[in-house]
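Here the structure comes first, spelled out in structure tokens, and everything after it is commentary.
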There are 2 protein chains.
Amino acid sequence: MYFRGVISQSDMEKIDKIYKAALELFTTKGFHGTPTSEIAKTAGVANGTLFHYFKTKEDLINSLYLKVKNELVEESINGIDKIDSIKLKVEFLWSKSIQWAMTHPQKLFFIQQYMYSPYITTNTLEEVDKIKEVYIKLIQEGIKTGEIKDVSVDLIYILMTQHLFGMIQYLIMNPEKYHNSEFMNMSFNLIYDILKVN
Amino acid sequence: MYFRGVISQSDMEKIDKIYKAALELFTTKGFHGTPTSEIAKTAGVANGTLFHYFKTKEDLINSLYLKVKNELVEESINGIDKIDSIKLKVEFLWSKSIQWAMTHPQKLFFIQQYMYSPYITTNTLEEVDKIKEVYIKLIQEGIKTGEIKDVSVDLIYILMTQHLFGMIQYLIMNPEKYHNSEFMNMSFNLIYDILKVN
DNA sequence: TAGCATAGAGTGATTAGTCAATCAAAATTA
DNA sequence: TAATTTTGATTGACTAATCACTCTATGCTA
């Protein structure tokens with residue numbers, strides 16, 4: 001987001017409306033498929049107002065990504081320091097991420113859509129590695145204590161993330177499983193069995 | 001692809017040149033970022049020729065996807081019937097897929113780019129379920145014989161695919177590991193340990 | 001009244017797709 | 001075989017539409 005000066009309450013409301021409209025339209029019609037004019041119209045502001053808050057369309061896309069991804073990070077991390085065991089910490093992150101994705105499926109889809117688009121700038125990518133850091137530290141700690149296999153940290157991180165995405169994909173198609181605690185328990189063990197030292 | 005009449009050798013050559021140019025440009029500049037005019041220019045044909053073979057730009061994108069995905073399917077499946085054990089069959093598919101991805105990283109990137117874009121039509125998706133069928137049958141057989149865990153077939157399929165994508169992502173970033181057979185062996189066991197009944 | 005937010009018509013650039021003209025090769029005729 | 005006609009591929013200038021972004025006039029608030 002691009003802005004010079006103090007951001008007032010009414011600014012924030014307007015910006016939020018633009019974000020909301022953009023998220024809705026991007027996920028249903030794609031980045032290219034949504035003209036800025038339609039975003040403005042859906043948000044209930046004039047075309048010019050959109051460009052008052054965002055330098056370009058690309059700026060809007062990148063800002064929205066940062067906002068959404070940040071939301072995911074905050075909600076997943078919040079409260080983790082109260083937990084002691086490494087396994088429980090990993091499980092905490094795991095279930096919080098799933099919880100977030102199940103309550104905001106559109107936002108998850110946006111993240112994926114963005115990740116595989118040519119809009120990503122190294123700049124944006126770097127800003128977002130907070131959650132990766134948390135995972136990486138956990139994994140490293142686990143390797144040190146001997147709880148987690150001594151395999152490349154990067155590999156473990158990628159596999160966890162991909163496994164998580166897969167599980168969410170399945171849950172979105174079979175939402176009743178999400179409320180089946182036996183299933184959810186098993187689903188975590190499926191991935192943790194890979195990581196843990198037998 | 002859209003065409004009326006017999007497709008000659010020279011047609012195929014032209015079409016291939018268009019596909020090649022499109023793949024190159026789409027993966028580096030995105031679907032929206034590449035004008036059809038540039039595809040035609042790169043392919044060395046006139047603008048009108050492109051539209052002679054493909055009804056619309058979207059038709060080109062979808063056709064290219066089908067072609068690439070089909071290539072992956074064919075190369076992964078070819079020879080699998082000579083193998084007996086289920087585990088070895090799964091491993092065969094697994095390593096063939098990785099092999100293909102490592103020799104055609106651009107095509108893999110295109111597949112992912114497409115999967116998370118709004119160009120997918122149900123039509124296209126259905127046409128592409130051939131490889132899924134092979135996997136699904138293998139999994140079902142494995143469940144019946146007791147070799148594979150009795151979990152939802154769809155879930156197992158999604159997890160395998162995601163795990164595979166993750167592994168490829170890692171290998172592309174660390175290509176030296178691809179030639180390390182100890183690593184490659186371990187990488188397969190990582191996923192098979194999830195599936196197999198202990 | 002000063003200063004910033006908002007509006008929305010306007011602009012210039014871009015692009016998917018068209019179409020009438022051209023060309024090459026195959027088919028037909030002499 | 002040579003001349004002529006037919007067929008369909010190929011071309012690229014052109015068009016109609018779209019879109020990101022600008023700009024100036026107006027509104028609002030402190």
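Throughout, protein chains are lettered first and strands after them, A, B, ... in sequence-line order, and every chain is numbered starting at 1.
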Can you confirm whether Ile191(A) sits close enough to Met167(A) that some side-chain heavy atom of one is under 4.5 Å from a side-chain heavy atom of the other?
no

Are Glu71(A) and Lys67(A) close enough for a salt bridge, meaning some N to O gap below 4.0 Å?
yes

Rounded to whole Å, please give me the gap between NZ in Lys17(B) and C1' in dT10(D).
12 Å

Please determine if a side-chain N or O atom of Lys14(A) lies less than 4.0 Å away from the OP1 or OP2 oxygen of dT6(C).
yes

Interatomic distance, Asn47(B) CG vs dC19(C) P [rounded to whole Å]:
14 Å

Check the pair Glu58(A) / Asn62(A) against side chain to side chain contact (heavy atoms under 4.5 Å, CB included), numbers first and verdict last.
CA-CA 6 Å; Glu58(A) 213 179 312; Asn62(A) 282 297; 3.8 Å; yes

Phosphate oxygens OP1/OP2 of dT6(C): is one of them under 4.0 Å from a side-chain N or O of His52(A)?
no

Of the listed nucleotides (dC19(D), dG17(C), dT15(C)), which one gets closest to any side-chain atom of Pro35(B)?
dT15(C)

Over how many whole Å does the gap from Phe54(A) atom CZ to dA5(C) atom P extend?
14 Å

Does Tyr53(A) place a side-chain N or O at less than 4.0 Å from the phosphate oxygens OP1/OP2 of dA5(C)?
no

Along DNA chain D (nearest heavy atom to each residue), the more 5'-positioned of Gly48(A) and Gly33(A):
Gly33(A)

Are any of the side-chain heavy atoms of Leu155(A) and Phe183(B) separated by less than 4.5 Å?
yes

In the structure I gave you, are the side-chain heavy atoms of Ile98(B) and Met102(B) within less than 4.5 Å of one another anywhere?
yes

I want to verify a distance call: between dT22(D), dT11(D), dG12(D), whose nearest atom is closest to the Phe51(A) side chain?
dT22(D)

Rounded distance (Å) that lies between atom C1' of dA17(D) and atom NE2 of His32(A):
12 Å

note: Phe26(A), atom CZ; dA20(D), atom P; distance rounded to Å ~ 9 Å

Please give, in whole Å, the distance from dC19(C) P to Leu50(B) CG?
17 Å

Within less than 4.0 Å of OP1 or OP2 of dC19(D), is there a side-chain N or O belonging to Thr36(A)?
no

In whole angstrom, what separates Ile18(B)'s CD1 from dA16(C)'s P?
14 Å

Think Ser37(A) has a side-chain N or O under 4.0 angstrom from the OP1 or OP2 of dC19(D)?
no

Any idea which of dG17(C), dT11(D), dA20(D) is nearest the Lys57(A) side chain?
dA20(D)

In whole angstrom, give the distance that lies between atom CD of Glu38(B) and atom C1' of dA16(C).
14 Å

